Protein chains: 2
Amino acid sequence: MLCNTVKVSPRRSNPQTRPALVDIAARLLADEGPQALSARRIATEAGSSTMAVYTNFGGMSGLVREMVYEGFARLQDYFSHVSRTADPVADIALLGRAYRHNALTNPHLYAVMFGGASLAGFSLTAEDRQYGRYTLSTVVECATRCITAERFRAGDAELVAHQLWTAIHGLVTLELGEYLIEPFDADRVFEAQLTGLMIGAGDTLEEATRSVASSRRRLKKVVEGVRPDPVDDRPAGDRRRRPRQAAPAG
Amino acid sequence: MLCNTVKVSPRRSNPQTRPALVDIAARLLADEGPQALSARRIATEAGSSTMAVYTNFGGMSGLVREMVYEGFARLQDYFSHVSRTADPVADIALLGRAYRHNALTNPHLYAVMFGGASLAGFSLTAEDRQYGRYTLSTVVECATRCITAERFRAGDAELVAHQLWTAIHGLVTLELGEYLIEPFDADRVFEAQLTGLMIGAGDTLEEATRSVASSRRRLKKVVEGVRPDPVDDRPAGDRRRRPRQAAPAG
DNA sequence: GCAGTTAGCATAACGGCGTTATGTTAAAAA
DNA sequence: TTTTTAACATAACGCCGTTATGCTAACTGC
């Protein structure tokens with residue numbers, strides 16, 4: 001074939017191949033969706049054979065797993081750009097907005113992260129899920145501050161964080177599935193959901209409304225801080241990403 | 001092959017083939033998950049060739065669509081067994097519980113209904129989604145009663161219904177994905193979510209707590225009323241299901 | 001009753017998929 | 001320098017959804 005046009009092809013630990021596969025997979029996923037993620041196509045576009053996918057990731061599952069980790073890393077990026085202010089409720093609302101923005105910016109990636117079923121029989125391991133849950137710790141900490149500030153009822157901060165997570169995850173999922181339309185579009189439901197959660201957690205209607213509005217204004221800053229990211233414009237060098245080596249067919 | 005052991009094989013409009021395919025597909029989906037849904041396997045287990053899938057459903061997408069309709073029909077079944085009482089908040093909470101119970105009883109079916117991405121490149125049409133949204137009307141009506149009874153703030157009943165939907169959908173999705181564990185398990189988050197939603201909608205903490213507890217007691221009756229259903233134990237006769245004919249390759 | 005039409009389905013093939021067995025080769029180890 | 005090792009190419013296996021073709025039984029009009 002035309003696998004390597006020039007036959008230099010370094011045989012041991014080519015440092016180009018692995019990140020190239022990851023970046024191409026991420027681009028295919030972002031541009032054409034999950035069905036474009038095939039070992040054959042990725043390898044072809046990377047100028048190598050399908051075996052490269054197996055030596056580097058142990059198979060398609062390993063590459064998909066890499067995408068999932070990338071997705072959580074991007075989410076963590078957004079969360080880390082949410083600053084702590086004197087209004088913890090506005091902060092936690094902003095975390096919710098950041099979560100939604102990340103999902104809408106990387107819709108296919110988000111679908112792979114939580115789609116669970118199908119996709120070449122891929123399924124996450126317990127460790128993968130723990131890695132995803134860890135992302136919640138930022139929200140838990142913020143919920144604790146809301147309770148300390150007596151904006152939320154005394155009780156479980158983790159419970160509040162889980163409520164926020166499940167609620168916004170559901171909204172984003174149905175939004176990406178185009179189930180929310182016209183007068184009851186995702187934006188209206190989202191703000192209502194957010195406000196309702198704050199009230200349900202113990203905040204007053206007035207305070208909640210003000211904090212949610214405040215978070216709306218602050219979102220722009222967060223989004224700008226995270227860029228550039230959308231599809232991975234960087235040259236192809238490696239960056240923050242799990243070391244995680246592939247099992248070499250043992 | 002052994003396609004039809006006895007070679008009687010009526011050639012025109014065999015009334016057995018179509019429901020047999022649907023029932024086998026439903027069973028495979030329930031027993032082994034989405035990856036077991038293949039035209040070849042379904043046809044083999046039905047004793048026919050893969051062409052039967054195409055003449056009856058126009059391809060795998062058509063059969064998957066049939067599964068989606070079946071899923072919404074089952075959900076509607078649960079909703080129709082939720083009776084109207086003097087406590088509309090308990091009623092709407094019970095709708096939420098019924099929604100969750102249906103999803104947990106038919107997890108793979110629920111995944112196909114809202115998994116959206118992948119699964120042999122299948123995707124729902126706008127009409128399919130409208131069919132799914134229609135299921136919400138039961139909840140909207142109940143939310144209206146909550147507002148009329150002055151348990152919820154005056155405002156949009158559809159908005160409240162969408163909040164409930166997105167919140168519980170998100171919880172169920174993460175629950176099925178095994179993201180909710182141990183001390184913050186799905187049951188705790190669900191009840192907190194439910195109570196929080198009622199308070200957020202305008203109900204008082206005491207009333208909401210009482211209504212949510214009431215709905216917990218009433219769930220059993222609903223579940224018993226819906227059976228039998230889990231995997232489709234019936235002989236194979238047709239039943240409530242969309243007429244929807246397959247495009248004959250025109 | 002009969003001929004022409006039609007539609008359900010069997011057979012077989014096509015291209016694409018994930019995966020694996022095997023060989024080749026360049027870098028690391030001795 | 002020699003041996004070992006691991007990254008990758010090549011080619012094949014079995015699966016998938018889909019399609020082209022042909023057969024035949026049921027409908028259609030006479």
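Keep in mind it's a predicted model, so treat the numbers as computed, not measured. Every chain is numbered from 1, with letters handed out A, B, ... down the list of sequences.
Taking side-chain N and O atoms only, Tyr54(B) has a distance below 4.0 Å to OP1 or OP2 of dT18(D). Residue Asn56(A) has no polar side-chain atom (N or O) positioned under 4.0 Å from OP1 or OP2 of dA6(D). Contact annotation: Ser38(B) does not reach the phosphate of dC15(D) (side-chain N/O to OP1 or OP2, under 4.0 Å). Contact check, Ser49(B) against dC9(C): no side-chain N or O comes under 4.0 Å of OP1 or OP2. Taking only side-chain nitrogens and oxygens, Ser48(A) never comes nearer than 4.0 Å to OP1 or OP2 of dC8(D).
Between Arg18(B) and Glu66(B) there is a salt bridge, with a side-chain nitrogen of the basic residue lying less than 4.0 Å from a carboxylate oxygen of the acidic one. Remark: Arg100(B) engages Glu175(B) in a salt bridge, criterion side-chain N to carboxylate O under 4.0 Å.
Between Phe72(A) and Tyr134(A), a ring centre-to-centre spacing not shorter than 6.0 Å is recorded.
To the nearest angstrom, C1' of dC9(C) lies 15 Å from CD of Gln16(B). Ile42(B) has its CD1 atom 16 Å from the P atom of dC15(D), to the nearest Å. Straight-line distance from the CD atom of Gln35(B) to the C1' atom of dG18(C): 12 Å, rounded to whole Å. Regarding Arg40(B), its CZ atom lies at a distance of 12 Å from the C1' atom of dT11(C), rounded to whole Å. If you take CG of Leu63(A) and C1' of dC17(C), they are 15 Å apart, rounded to a whole angstrom. Note: CZ (Arg18(A)) to P (dC8(D)) measures 11 Å, nearest angstrom. Rounded to an integer number of Å, the gap from Phe57(B) CZ to dG17(D) C1' is 16 Å.
Among Leu171(A), Val172(A), Thr173(A), the one residue that satisfies the side-chain contact (heavy atoms from CB on, under 4.5 Å) test with Thr166(B) is Leu171(A).
Side chain of Arg65(B) to main chain of Leu124(B): no donor-acceptor pair is present (N/O by atom type, distance under 3.5 Å, no hydrogens or angles).
Positionally, the nearest nucleotide of DNA chain C for Ala52(B) lies more toward the 5' end than for the other of Ala52(B) and Gly59(A). Residue Ala39(A) is the one, among Met51(A) and Ala39(A), whose nearest nucleotide of DNA chain C lies closer to the 5' end (criterion: closest heavy atom).
Comparing dA11(D), dT19(D), dG17(D) against the side chain of Thr50(B) picks out dT19(D) as the nearest. Nearest to the side-chain atoms of Thr55(A) among the listed nucleotides dT19(D), dC8(D), dG8(C) stands dC8(D).
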